[in-house]
Participant: 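Quick one: the structure is below, and I'll ask about it shortly.
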Amino acid sequence: SAVISQKPSRDICQRGTSLTIQCQVDSQVTMMFWYRQQPGQSLTLIATANQGSEATYESGFVIDKFPISRPNLTFSTLTVSNMSPEDSSIYLCSVGKGAGDTQYFGPGTRLTVL
Amino acid sequence: ILNVEQSPQSLHVQEGDSTNFTCSFPSSNFYALHWYRWETAKSPEALFVMTLNGDEKKKGRISATLNTKEGYSYLYIKGSQPEDSATYLCASSGGSYIPTFGRGTSLIVHP
């Protein structure tokens with residue numbers, strides 16, 4: 001198992017600004033994942049963050065909007081850039097080894113954009 | 001892209017009632033089915049991962065079954081307690097590396 005913390009736990013931001021979310025894992029992991037859950041929607045994968053390489057983004061998500069850093073094997077950040085009210089969501093990071101393995105999630109960052 | 005559907009969207013039950021939810025997923029190219037429990041302000045917590053048709057898993061009062069041929073899984077809670085109140089997520093892994101999640105079933109158990 002893995003214990004994951006996220007900062008901040010929640011924030012209220014003005015449109016046009018950016019917010020960086022931090023994710024810290026208590027052990028070294030190869031792959032970290034960033035998800036978003038918009039109100040009433042399913043958890044949707046934004047990108048996969050590998051240490052030492054660029055993040056891999058899912059369809060509909062781009063690096064300019066959601067830049068990701070992965071400086072080491074226990075830490076990652078996701079930035080939500082130039083925010084609009086549509087970015088109001090819960091953002092979660094997770095770790096997991098593969099499709100058949102359990103994913104371990106952080107507690108999430110609840111973002112409201114006014 | 002996998003389409004994972006969960007029903008019902010929300011459910012209110014009385015303490016002591018037994019309840020069940022459904023998760024449906026494409027049966028082609030199936031690899032694994034996951035159930036998670038997500039309480040407000042906490043991390044989603046893994047309940048079960050199932051891979052074989054006919055799999056049944058149990059954890060205390062909670063159990064799950066899997067039918068990969070018809071593409072559905074049931075989650076059962078026996079004798080619901082207020083602490084069972086949470087959103088229950090299912091996710092299916094197909095050919096892609098990462099599971100695709102449903103929208104969840106929100107369960108509220110009234111004392």
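Below, chain A is the first sequence line, B the second, and so on; all start at residue 1. Basis for what follows: all heavy atoms, side chains included, without hydrogens, waters or symmetry-related copies.
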Participant: Under 4.5 Å, heavy atom to heavy atom, which residues of residues 15-27 of chain A contact chain B?
Facilitator: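 When heavy atoms of chain B are the reference, residues 15-27 of chain A contributes no residue within the under-4.5 Å range.
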Participant: Does atom CD (B:Glu15) have a neighbourhood of more than 12 heavy atoms from anything else shown, all under 6.0 Å?
Facilitator: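 Correct, the count exceeds 12.
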Participant: OG of B:Ser43 to CD of A:Gln103: how many Å apart, nearest 0.5 Å?
Facilitator: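 Rounded to the nearest 0.5 Å, the OG-CD separation comes out at 12.5 Å.
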Participant: If you group Ile, Leu, Val, Met, Phe, Trp and Tyr by side-chain heavy-atom gaps below 4.5 Å, do B:Tyr74 and B:Trp35 land in one group?
Facilitator: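 Per the 4.5 Å side-chain linkage, B:Tyr74 and B:Trp35 are not co-clustered.
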Participant: Going by residue number, which parts of residues 44-52 of chain A are within reach of chain B, meaning a heavy-atom gap below 4.5 Å?
Facilitator: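 Contacts with chain B: A:Leu45.
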Participant: Kindly determine whether B:Arg103 and A:Gln41 satisfy side chain to side chain contact (heavy atoms under 4.5 Å, CB included), including the steps that lead there.
Facilitator: CA-CA 5 Å; B:Arg103 296 185 182 189; A:Gln41 303 299 312; 3.4 Å; yes
Participant: What residues of residues 105-114 of chain A sit under 4.5 Å from chain B when you count only heavy atoms?
Facilitator: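 Contacts with chain B: A:Phe105, A:Gly106, A:Pro107.
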Participant: Examine B:Val4 and B:Leu75 and state if one hydrophobic cluster contains both, with Ile, Leu, Val, Met, Phe, Trp and Tyr joined whenever side-chain heavy atoms are less than 4.5 Å apart.
Facilitator: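 Linked within one cluster.
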Participant: Taking atom CZ of B:Arg61 as the centre, report whether more than 12 heavy atoms of other residues, nucleotides or ligands fall under 6.0 Å from it.
Facilitator: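 Yes, CZ of B:Arg61 has more than 12 neighbouring heavy atoms, counting only those of other groups under 6.0 Å.
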Participant: Please state whether the side chain, the backbone, both or neither of A:Gln37 comes within less than 4.5 Å of a heavy atom of chain B.
Facilitator: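 Contact with chain B is through the side chain of A:Gln37 alone.
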Participant: Against chain B, label A:Tyr35 side chain, backbone, both or neither, depending on which of its atoms sit under 4.5 Å from a heavy atom there.
Facilitator: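 The side chain, not the backbone.
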Participant: Using non-hydrogen atoms and a 4.5 Å limit, figure out which bit of B:Leu33 sits close to chain A: side chain, backbone, both or neither.
Facilitator: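 For B:Leu33, no heavy atom lies under 4.5 Å from chain A.
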Participant: Should B:Val109 and B:Ile62 be regarded as members of a common hydrophobic cluster, given that ILVMFWY residues are connected when their side-chain heavy atoms come within less than 4.5 Å of each other, either directly or indirectly?
Facilitator: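 Per the 4.5 Å side-chain linkage, B:Val109 and B:Ile62 are co-clustered.
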Participant: For atom CD of B:Glu39, decide whether the heavy atoms of other residues, nucleotides or ligands shown that lie under 6.0 angstrom number more than 12.
Facilitator: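 Counting neighbours around CD of B:Glu39, more than 12 heavy atoms of other residues, nucleotides or ligands fall under 6.0 Å, so yes.
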Participant: By number, which residues in residues 78-93 of chain A have some heavy atom less than 4.5 Å away from chain B?
Facilitator: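 Only A:Ile90, A:Leu92 of residues 78-93 of chain A have a heavy atom under 4.5 Å from chain B.
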Participant: Could you tell me which portion of B:Phe48 (side chain, backbone, both or neither) has an atom closer than 4.5 angstrom to a non-hydrogen atom of chain A?
Facilitator: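 Contact with chain A: none, neither part.
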